[in-house]
Protein chains: 2
Amino acid sequence: MRPLKIPKPTVKRLAIYYRCLTKLKETGIDRTSSKEMADALGIKASQVRKDLSYFGEFGKRGVGYDVDKLSYKLKEILGLKKNWNVAIIGSGNLGYAIANYSGLEKNGFKVVAAFDIDEKKIGRMIIPGVTINKFSEMSSIINENSIEIAILTVPAHESQNVADALVKSGIKGILNFTPSSLSVPENISVEDVDFVISLKSLTFEIASFNDNE
Amino acid sequence: MRPLKIPKPTVKRLAIYYRCLTKLKETGIDRTSSKEMADALGIKASQVRKDLSYFGEFGKRGVGYDVDKLSYKLKEILGLKKNWNVAIIGSGNLGYAIANYSGLEKNGFKVVAAFDIDEKKIGRMIIPGVTINKFSEMSSIINENSIEIAILTVPAHESQNVADALVKSGIKGILNFTPSSLSVPENISVEDVDFVISLKSLTFEIASFNDNE
DNA sequence: ACTTTTTTGTGGTATAATTAACAATGTATA
DNA sequence: TATACATTGTTAATTATACCACAAAAAAGT
Ligand SMILES: NC(=O)c1ccc[n+]([C@@H]2O[C@H](COP(=O)([O-])OP(=O)(O)OC[C@H]3O[C@@H](n4cnc5c(N)ncnc54)[C@H](O)[C@@H]3O)[C@@H](O)[C@H]2O)c1
Ligand SMILES: NC(=O)c1ccc[n+]([C@@H]2O[C@H](COP(=O)([O-])OP(=O)(O)OC[C@H]3O[C@@H](n4cnc5c(N)ncnc54)[C@H](O)[C@@H]3O)[C@@H](O)[C@H]2O)c1
């Protein structure tokens with residue numbers, strides 16, 4: 001039933017379906033359809049069904065999907081039944097904004113540690129209850145707190161060094177905000193978030209739209 | 001030579017090549033090859049050449065690419081020969097971090113205005129020289145300052161309303177940080193940046209790796 | 001009981017993106 | 001000047017992703 005490899009775009013959409021279902025639940029709606037979700041997200045209904053079909057049969061023909069049940073299944077598939085402890089590496093502007101983002105806690109991610117090398121920042125609180133630690137203590141703190149995910153917000157020229165240290169500390173995944181492509185062992189997951197690249201896609205589109213008209 | 005539609009992944013990579021060339025230039029290297037760039041970025045050399053071939057012939061067979069020349073061409077293609085004025089809509093934590101990010105100015109994006117509805121924030125400076133304005137003044141300020149790009153960092157439930165207002169004000173592109181999919185006219189470009197979705201891709205990978213071993 | 005309507009799950013097809021292969025072109029050098 | 005080597009630009013092959021179409025299943029209507 002479940003193939004070895006799930007397409008990356010499918011995984012991203014599953015997370016989007018999960019968000020969509022959460023919203024439906026909040027609205028008090030307890031049944032939906034591939035069409036309803038697809039329309040809300042601007043995609044095709046067949047895409048929704050195909051994506052879900054990689055993991056099983058969650059709907060009833062002629063009826064649709066039970067919001068609660070499908071939501072639970074996606075939660076399970078995405079690995080969100082447990083809570084994840086995360087650490088902020090690099091407690092600058094971006095690290096601060098992310099640590100204080102309520103969407104993290106709401107989605108089962110808990111910022112339990114933060115690190116920096118700037119002496120002035122060490123000891124300060126990044127969020128209530130979490131003080132910024134020395135970079136040198138990273139390894140032991142990651143282990144003691146079972147931190148599996150690191151949010152990497154250090155300057156670009158430090159990113160590979162820090163990533164190496166994170167891997168040595170036993171981290172499982174890195175959300176990389178730096179504009180460098182990291183080399184890590186293949187059992188470590190990395191997701192890049194690079195909005196300057198997105199900005200430049202935008203200027204490309206705007207500029208080429210102007211060219212064509 | 002240039003087809004009507006350039007693949008989206010190609011555009012993203014062009015921006016990455018441009019960054020890569022900038023770094024080479026800083027290192028004092030003035031000639032490169034598709035292989036060198038591909039290796040640095042973890043992709044295939046044929047991909048680099050294919051991507052460039054949509055726009056022309058920029059290299060010399062047997063030799064490679066002149067870093068300066070290719071860099072300039074990509075700058076042109078990506079619409080980066082001009083400087084872009086951008087506005088921050090929603091001057092909260094994320095808006096603040098972005099406005100203060102040095103990478104923007106370095107890449108030709110200038111934050112010239114910021115907006116909020118919170119009375120306490122209005123009049124404060126988000127970056128030196130840019131004070132936070134009332135939301136109601138958005139339209140006129142966008143016009144007076146020829147702002148073509150909006151960085152949208154308002155709460156999710158406001159995003160569509162604000163996007164509509166932005167479109168009415170004549171904005172050309174929106175970098176959307178909110179977790180909502182925006183509806184805009186087709187001549188307006190939107191790029192979504194959604195790192196909670198990236199985080200969940202990460203947990204999917206980590207969780208399914210654990211399942212398989 | 002039969003028909004109509006709805007909507008799923010899926011196999012096959014179409015489209016898109018990546019990768020490989022190679023002739024064409026340029027450089028280096030013996 | 002011939003020969004070996006490097007690297008592009010491009011066509012062809014392969015792989016990945018999205019979309020379509022329809023039988024199967026469930027519910028509602030007659
Ligand atoms: N701020 C943004 O909006 C933004 C946007 C896109 C990308 N980024 C990237 O995110 C990263 C951080 O950006 P920022 O604006 O928060 O910068 P920042 O300078 O405000 O923060 C970086 C922090 O990392 C700390 N640091 C440096 N070396 C470290 C190390 N070895 N270990 C731990 N901490 C270390 C610094 O002391 C500083 O506090 C950069 O790579 C930047 O390119 C930022
Ligand atoms: N902070 C993060 O790391 C992060 C990460 C991912 C997504 N986001 C998204 O980015 C957005 C902003 O996040 P944040 O953490 O900065 O929140 P925030 O609450 O710190 O900032 C939001 C700001 O928008 C202002 N605002 C509200 N309505 C407005 C309106 N109509 N016009 C102008 N301003 C308005 C608020 O007064 C506030 O200052 C949210 O949609 C959030 O989901 C944030």
Side-chain angles (χ1 to χ4, degrees), chain A residues 1-17 20-21 24 29-71 73-74 77 181 197 201 204, chain B residues 1-17 20-21 24 29-71 73-74 77 181 201 204-205:
Chain A
M1 184 148 60
R2 176 169 168 181
L4 227 58
K5 186 77 183 108
I6 306 295
K8 185 69 169 254
T10 291
V11 176
K12 287 248 154 89
R13 282 191 300 266
L14 290 177
I16 293 173
Y17 304 154
C20 177
L21 290 164
L24 287 173
I29 293 166
D30 55 88
R31 175 178 294 178
T32 187
S33 68
S34 57
K35 176 141 200 329
E36 186 177 38
M37 287 195 282
D39 288 350
L41 302 170
I43 61 175
K44 289 281 171 4
S46 58
Q47 182 74 78
V48 175
R49 296 199 298 276
K50 172 66 97 180
D51 287 338
L52 296 175
S53 77
Y54 288 115
F55 299 92
E57 308 191 359
F58 307 122
K60 261 213 188 83
R61 291 170 191 229
V63 181
Y65 301 93
D66 179 88
V67 172
D68 263 331
K69 189 185 150 202
L70 182 56
S71 174
K73 283 292 180 186
L74 288 179
I77 291 166
S181 56
I197 296 298
S201 303
F204 172 83
Chain B
M1 184 146 60
R2 175 168 171 182
L4 227 59
K5 185 77 183 114
I6 306 295
K8 186 69 171 252
T10 291
V11 177
K12 287 248 154 85
R13 281 191 301 265
L14 291 177
I16 294 174
Y17 304 154
C20 178
L21 291 164
L24 287 174
I29 293 165
D30 56 274
R31 175 178 293 178
T32 187
S33 69
S34 58
K35 177 143 198 331
E36 186 177 39
M37 286 196 281
D39 288 350
L41 302 170
I43 62 174
K44 290 279 172 4
S46 56
Q47 181 76 80
V48 175
R49 297 199 299 275
K50 171 111 242 183
D51 287 337
L52 296 176
S53 77
Y54 288 115
F55 300 91
E57 308 191 0
F58 308 122
K60 262 213 186 82
R61 294 173 190 225
V63 181
Y65 302 92
D66 180 87
V67 171
D68 262 331
K69 188 185 151 204
L70 183 56
S71 174
K73 282 292 179 186
L74 289 179
I77 291 166
S181 56
S201 302
F204 173 84
E205 278 190 58

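Chain letters run A, B, ... following the sequence lines, proteins first and then strands; every chain starts at 1.
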- Would you please name every residue forming a side-chain hydrogen bond (donor to acceptor under 3.5 Å, both in side chains) with Y65(B), sequence neighbours left out? none
- To the nearest angstrom, how far is K12(A) atom NZ from dT17(D) atom P? 12 Å
- How would you give the extent of chain B contacts on DNA chain C, as first and last nucleotide 5' to 3' within a 4.0 Å heavy-atom cut-off? dA17(C) to dT27(C)
- Identify whether the distance between the nearest side-chain nitrogen and carboxylate oxygen of E205(B) and K8(A) falls below 4.0 Å. yes
- Contacts of K12(B) meeting salt bridge (charged side-chain N to carboxylate O under 4.0 Å, His left out) (sequence neighbours excluded), chain-then-number -> E191(B)
- Pairing residues for R13(B) by the salt bridge (charged side-chain N to carboxylate O under 4.0 Å, His left out) criterion, not counting sequence neighbours: D51(B)
- Note on the structure: note: Q47(B), atom CD; dG9(D), atom P; distance rounded to Å ~ 15 Å
- Query: For D30(A), which residues count as a side chain to side chain contact (heavy atoms under 4.5 Å, CB included) partner, sequence neighbours excluded?
  - Reply: none
- Task: Please list, chain by chain and in numerical order, all residues satisfying side-chain hydrogen bond (donor to acceptor under 3.5 Å, both in side chains) with S201(A), sequence neighbours excluded.
- Result: none
- Partners of D66(A) by side-chain hydrogen bond (donor to acceptor under 3.5 Å, both in side chains), sequence neighbours excluded? none
- Which residues in residues 31-40 of chain A have at least one heavy atom lying under 4.0 Å from any atom of DNA chain C? S33(A), S34(A)
- Message: Run the side-chain hydrogen bond (donor to acceptor under 3.5 Å, both in side chains) test against S33(B) and tell me which residues pass, sequence neighbours left out.
- Response: none
- Query: Going 5' to 3' along nucleotides 20-30 of chain D, which nucleotides have protein heavy atoms under 4.0 Å from the base (write B), which only from the sugar-phosphate (write S), and which from neither (write -)?
  - Reply: BB-BBBSS---
- salt bridge (charged side-chain N to carboxylate O under 4.0 Å, His left out) partners of E36(A), counting only residues at least two apart: none
Below 3.5 Å, can you tabulate the donor-acceptor pairs from side chains in residues 39-46 of chain A to any protein atom, sequence neighbours excluded?
from   : atom 1 : to     : atom 2 : distance (Å)
D39(A) : OD2    : K35(A) : NZ     : 2.8

